[in-house]
Amino acid sequence: MQKHKTTLGIDEAGRGPVLGPMVLAAVVVDTRAARRLTRRGLRDSKTFGAGEKGRKARENLAAEVREVASFVAVRVVDVCEVDRRVVRGELNALERDVARELIAAAPTVHRIVADGKRLFAALSDEHPHLEALDKGESKHASVAAASVIAKHRRDQLFERIACRYRNLFGEIRGGGYGNAATREFIRSYAQRFGRQPPEARRSWPYAYLADILGDSFDPWADSPSERAGQLRLSL
């Protein structure tokens with residue numbers, strides 16, 4: 001009897017936010033598990049929304065994925081690491097490097113599907129059975145499962161950030177993305193402490209802090225050694 005074919009899905013959560021880490025996940029499911037997860041409502045994690053209901057749905061599905069998947073791996077990329085690579089113009093290279101780590105840790109599979117055609121297409125030279133697809137979460141359950149696992153982990157990590165500041169600033173909304181709620185929190189933090197919160201990505205633009213911190217504000221001012229270490233060296 002032929003075994004069910006296995007697929008390794010790779011996806012990320014938190015590439016674009018102002019606050020908090022980026023998370024990549026890899027999930028291996030066979031065809032039977034993929035059908036089961038699809039029947040349970042598995043889909044792109046972003047479609048569940050950012051509210052409590054969406055977070056709970058992702059939490060429940062993440063548990064379901066871990067129950068039926070033969071392999072689940074998560075890699076949290078800290079803000080400092082994101083900044084270091086962004087300053088060098090290497091954010092895409094960073095994601096590919098992490099994807100390589102996840103693939104190396106995974107068991108042998110029939111197929112690898114990574115979300116992001118331009119981002120991950122180069123990896124097909126190293127792994128001929130890898131397909132880089134745009135909107136991969138809607139095309140294979142393994143990618144949707146990786147999306148849910150990554151987003152759920154980022155939900156958990158962002159909740160720690162929100163909890164850290166809740167007593168001082170109230171509820172931290174916006175999920176750390178570059179929206180009005182996130183800007184409101186960062187502005188409130190800057191007014192109180194005269195700098196950005198440590199969870200903020202220094203390599204992101206902060207024009208909306210100019211009236212508080214001044215036009216010449218240096219986002220790296222409170223961590224000059226980090227800045228020096230992240231600039232490209234002249235050889």
Practice task
For the pair K139 and V113, evaluate side chain to side chain contact (heavy atoms under 4.5 Å, CB included) and give the outcome as yes or no after the intermediate values.
Solution key: CA-CA 9 Å; K139 297 173 182 176; V113 183; over 6 Å; no
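- Counting heavy atoms of neighbouring residues, nucleotides and ligands inside a 6.0 Å radius, atom CG of N167 does not exceed 12 of them.
- At a threshold of 4.5 Å between non-hydrogen side-chain atoms, the residues E126 and L123 count as touching.
- A cation-pi contact links R154 to Y177, judged by a cut-off of 6.0 Å to the six-membered ring centre and 45° from its axis.
- Taken from CD1 in I10 to CG in D115, the straight-line distance is 10.5 Å, to the nearest 0.5 Å.
- Atoms CD and NZ, on E12 and K151 in that order, are 9.5 Å from each other to the nearest 0.5 Å.
- Note: H140 NE2 to L133 CG = 10.0 Å, rounded to the nearest 0.5 Å.
- Under a hydrophobic-cluster definition in which Ile, Leu, Val, Met, Phe, Trp and Tyr are linked whenever side-chain heavy atoms come within less than 4.5 Å, directly or via other members, F120 and V109 are assigned to the same cluster.
- E184 and Y189 share no donor-acceptor pair across their side chains, judged by distance under 3.5 Å alone.
- The pair D211-R187 meets the salt-bridge criterion, with a side-chain N (NZ, NE, NH1 or NH2) lying under 4.0 Å from an Asp/Glu carboxylate O.
- Using a 4.0 Å cut-off between charged nitrogen and carboxylate oxygen, D97 and R85 count as a salt-bridge pair.
- No side-chain heavy atom of P219 sits under 4.5 Å from any side-chain heavy atom of W204.
- Heavy atoms only, all atoms of each residue included: R75 and V98 are closest at CG-CG1, 3.4 Å.
- Under a hydrophobic clustering in which Ile, Leu, Val, Met, Phe, Trp and Tyr are joined whenever their side-chain heavy atoms come within less than 4.5 Å, directly or via other members, L37 and V148 fall into the same cluster.
- In this structure, OG in S142 is found 10.5 Å from CD in E137, a value given to the nearest 0.5 Å.
- A chain of hydrophobic side-chain contacts below 4.5 Å, direct or via other Ile, Leu, Val, Met, Phe, Trp or Tyr residues, connects V72 to L61.
- G20 approaches I161 most closely through the heavy-atom pair CA-CD1, 3.8 Å.
- Between the side chain of H110 and the backbone N or O of K5, no donor-acceptor pair lies under 3.5 Å.
- For the pair T38 (side chain) and A34 (backbone), a donor-acceptor distance under 3.5 Å is present.
- Just one of R173, R153, R166, R164 meets the salt bridge (Lys or Arg N to Asp or Glu O under 4.0 Å) condition when paired with E159; it is R166.
- Atom CD1 of I172 is separated from atom CG of L19 by 8.5 Å, given to the nearest 0.5 angstrom.
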Handout entry: Pair V86-R201, side chain to side chain contact (heavy atoms under 4.5 Å, CB included): steps then yes or no
Key = CA-CA 10 Å; V86 168; R201 299 181 185 181; over 6 Å; no
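- With respect to E101 and R96, no salt bridge is recorded, no charged nitrogen being found less than 4.0 Å from a carboxylate O.
- Side-chain atoms of L130 and L8, non-hydrogen and from C-beta on, never get closer than 4.5 Å to each other.
- There is a path of hydrophobic side-chain contacts, each under 4.5 Å, that joins V74 to V68.
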Practice task
Begin with the C-alpha distance, continue with both residues' side-chain angles, and end with the deciding distance and a verdict on ring pair (Phe, Tyr, Trp, His ring centres under 6.0 Å) for F217 and Y206.
Solution key: CA-CA 9 Å; F217 169 67; Y206 291 94; 7.4 Å; no
Practice task
Take Q196 and W220 through the test side chain to side chain contact (heavy atoms under 4.5 Å, CB included) and record every step on the way to the result.
Solution key: CA-CA 9 Å; Q196 297 160 277; W220 305 91; over 6 Å; no
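- Under the 4.5 Å side-chain contact rule for hydrophobic residues, M22 and F158 share a cluster.
- With salt bridges taken as basic N to acidic carboxylate O contacts below 4.0 Å, one links D155 and R58.
- The shortest non-hydrogen separation linking G174 to N179 is O-ND2, 3.0 Å.
- Counting heavy atoms from C-beta on, the side chains of R195 and L213 never come closer than 4.5 Å.
- Minimum heavy-atom separation, A26 to L102: CB-CB, 3.9 Å.
- For the atom pair L168 CG and R192 CZ, the distance stands at 4.5 Å (nearest 0.5 Å).
- Nearest heavy atoms, A146 versus G9: CB-O, 3.5 Å.
- The two residues A200 and V79 come nearest to each other via the heavy atoms O-CG1, 3.5 Å.
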Exercise for the section: Kindly determine whether E131 and K117 satisfy salt bridge (charged side-chain N to carboxylate O under 4.0 Å, His left out), including the steps that lead there. Expected result: CA-CA 8 Å; E131 299 172 56; K117 186 172 183 179; over 6 Å; no
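- In this structure, S70 and V29 have side chains that are not in contact, with every pair of non-hydrogen atoms separated by 4.5 Å or more.
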Practice task
Show the numbers, then the answer: is there a salt bridge (charged side-chain N to carboxylate O under 4.0 Å, His left out) between R36 and E67?
Solution key: CA-CA 11 Å; R36 173 177 168 179; E67 182 180 334; 3.1 Å; yes
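- Counting heavy atoms of neighbouring residues, nucleotides and ligands inside a 6.0 Å radius, atom CZ of R32 does not exceed 12 of them.
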Practice task
Could you walk me through whether V77 and L94 pass side chain to side chain contact (heavy atoms under 4.5 Å, CB included), step by step?
Solution key: CA-CA 9 Å; V77 184; L94 169 61; 3.8 Å; yes
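- Checked for salt-bridge contact, E81 and R84 miss the test: no charged N lies under 4.0 Å from a carboxylate O.
- For the 3.5 Å distance criterion, the side chains of N60 and R55 fail to qualify, holding no donor opposite an acceptor.
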